[in-house]
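Reading through the structure tokens given below for one structure.
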Amino acid sequence: MNGRPNKAQNAFINALLQLMKEKAFDQISISELSENAQYDRRTFYRYFQSKSDILYLYCASLLQEMALDMKKEPLTPQSGFLSYFSFWYKHRDFLLLLEKQRLLYYLGEKQDQLLYEHVGTIVHEDLPKDLALVSEFSLYAYYFTLGGLWQALALWIRTGMKQTPAQLTQHILDSFTEMQKMICQ
């Protein structure tokens, strides 16, 4: 499933997001979703196997936008972290909806593959297209960084997103400085 939704897929994305504002994700039926998207159930199953597939496609399409933002300037830890938090701040309504629905874990579980495929390989064109082909060192570094960013993002969401993306970025950069001081002692 690529990250660019067609007209029907967009209709299902919009219908699902709207319905999620009104009722629990697990209470939304495929029939209700299809009706709200103004497509039949066959069309739903042509593109998706489950409602979760709609969330995955929507996240993939969002992350392609993140990649375009990150390509605008040379990528450094500071610019990368700031882009990450600024991007999610711009899409905070979606994050807060996932949190309200107790679906934030879904994004957390999928973001390693999503970020690699829809951001990493676009920002770094020399990366292998498959995450499994990355060197062992790079893979651990990627997951270490991603885990920290994810946990910081989740905490930010759960505490009301009061800090600016720049403040969060500075907190993370300061934590690296503190870790470096501990290593050098």
Side-chain angles (χ1 to χ4, degrees), residues 1-5 13 16-17 20 52-181 183:
M1 185 181 303
N2 76 30
R4 295 201 172 126
I13 289 169
L16 179 62
L17 295 176
M20 285 172 60
S52 295
D53 289 346
I54 296 172
L55 287 178
Y56 189 89
L57 179 61
Y58 182 60
C59 290
S61 67
L62 287 179
L63 291 177
Q64 287 182 344
E65 179 186 330
M66 181 191 290
L68 296 175
D69 288 349
M70 286 185 166
K71 280 190 81 153
K72 290 179 182 173
E73 61 182 78
L75 191 61
T76 65
Q78 182 173 1
S79 69
F81 298 154
L82 184 57
S83 289
Y84 179 83
F85 291 120
S86 294
F87 173 81
W88 285 119
Y89 187 75
K90 186 168 54 172
H91 295 286
R92 64 189 171 275
D93 290 343
F94 175 62
L95 292 176
L96 294 171
L97 181 60
L98 288 179
E99 174 66 10
K100 176 184 165 197
Q101 289 282 342
R102 301 187 187 281
L103 291 171
L104 197 56
Y105 75 89
Y106 178 82
L107 180 59
E109 288 176 356
K110 303 292 183 188
Q111 99 164 324
D112 59 338
Q113 196 65 36
L114 280 164
L115 277 171
Y116 187 82
E117 288 177 8
H118 299 285
V119 179
T121 58
I122 293 170
V123 175
H124 300 285
E125 295 169 0
D126 58 336
L127 285 176
K129 295 299 176 203
D130 187 344
L131 183 57
L133 300 175
V134 172
S135 74
E136 180 179 4
F137 170 80
S138 295
L139 195 60
Y140 276 93
Y142 174 69
Y143 276 92
F144 175 81
T145 304
L146 185 60
L149 285 173
W150 173 252
Q151 290 299 326
L153 179 67
L155 176 62
W156 189 36
I157 294 163
R158 290 183 179 124
T159 57
M161 299 180 91
K162 295 172 187 150
Q163 301 83 0
T164 67
Q167 288 171 317
L168 283 177
T169 297
Q170 194 58 54
H171 288 328
I172 290 172
L173 293 174
D174 289 348
S175 73
F176 285 140
T177 301
E178 290 300 313
M179 282 190 283
Q180 186 63 37
K181 285 179 190 176
I183 291 170

Out of curiosity, [X] [atom1] to [Y] [atom2], how far, rounded to the nearest 0.5 Å?
{"X": "Leu97", "Y": "Leu104", "atom1": "CG", "atom2": "CG", "answer": "10.5 Å"}
{"X": "Ile54", "Y": "Met20", "atom1": "CD1", "atom2": "CE", "answer": "10.0 Å"}
{"X": "Ile183", "Y": "Lys181", "atom1": "CD1", "atom2": "NZ", "answer": "13.0 Å"}
{"X": "Asp174", "Y": "Gln167", "atom1": "CG", "atom2": "CD", "answer": "11.5 Å"}
{"X": "Leu57", "Y": "Leu62", "atom1": "CG", "atom2": "CG", "answer": "9.5 Å"}
{"X": "Ser52", "Y": "Leu16", "atom1": "OG", "atom2": "CG", "answer": "9.0 Å"}

Is the number of heavy atoms from other residues, nucleotides or ligands within 6.0 Å of CD (Gln78) greater than 12? no
Is it the case that over 12 heavy atoms from other parts of the model lie below 6.0 angstrom from the OH atom of Tyr89?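 Open: at most 12 neighbouring heavy atoms sit under 6.0 Å from OH of Tyr89.
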Nearest non-hydrogen partners of Ala152 and Ile172, listed with the distance: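 For Ala152 versus Ile172, the nearest heavy atoms are CB-CD1, 4.2 Å.
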If you compare all heavy atoms of Leu173 against all heavy atoms of Pro77, which two are closest, and at what distance to 0.1 Å? CD2-CB, 4.4 Å
According to the interplanar angle, ranging from 0 to 90°, do the rings of Phe94 and Tyr58 count as parallel (below 30°), tilted (30 to 60°) or perpendicular (above 60°)?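 Geometry flag for Tyr58 against Phe94: perpendicular rings.
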How about [X] and [Y]: do any of their side-chain heavy atoms sit closer than 4.5 Å?
{"X": "Leu103", "Y": "Tyr105", "result": "yes"}
{"X": "Leu107", "Y": "Trp88", "result": "yes"}
{"X": "Tyr106", "Y": "Leu98", "result": "no"}
{"X": "Met161", "Y": "Leu95", "result": "yes"}

Would the distance check show the side chain of Ser79 and the main-chain N or O of Thr76 forming a donor-acceptor pair, the cut-off being under 3.5 Å?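 Yes: the side chain of Ser79 pairs with the backbone of Thr76.
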Spell out, as yes or no, whether a donor-acceptor pair under 3.5 Å connects the side chain of Ser83 to the backbone of Gly80. no
Write out all pairs satisfying side-chain hydrogen bond (donor to acceptor under 3.5 Å, both in side chains) with one or both partners inside residues 140-149, taking only residues at least two apart or from two chains. Asp112-Tyr143
With sequence neighbours left out, which residue pairs that include part of residues 77-100 fulfil the salt bridge (charged side-chain N to carboxylate O under 4.0 Å, His left out) condition? Glu65-Lys90, Asp69-Lys90, Glu99-Arg158
Please walk me through it: do Thr164 and Phe85 pass side-chain contact (heavy atoms from CB on, under 4.5 Å)? CA-CA 8 Å; Thr164 67; Phe85 291 120; over 6 Å; no
Would Tyr84 and Leu115 count as a side-chain contact (heavy atoms from CB on, under 4.5 Å) here? Give the steps. CA-CA 10 Å; Tyr84 179 83; Leu115 277 171; 4.1 Å; yes
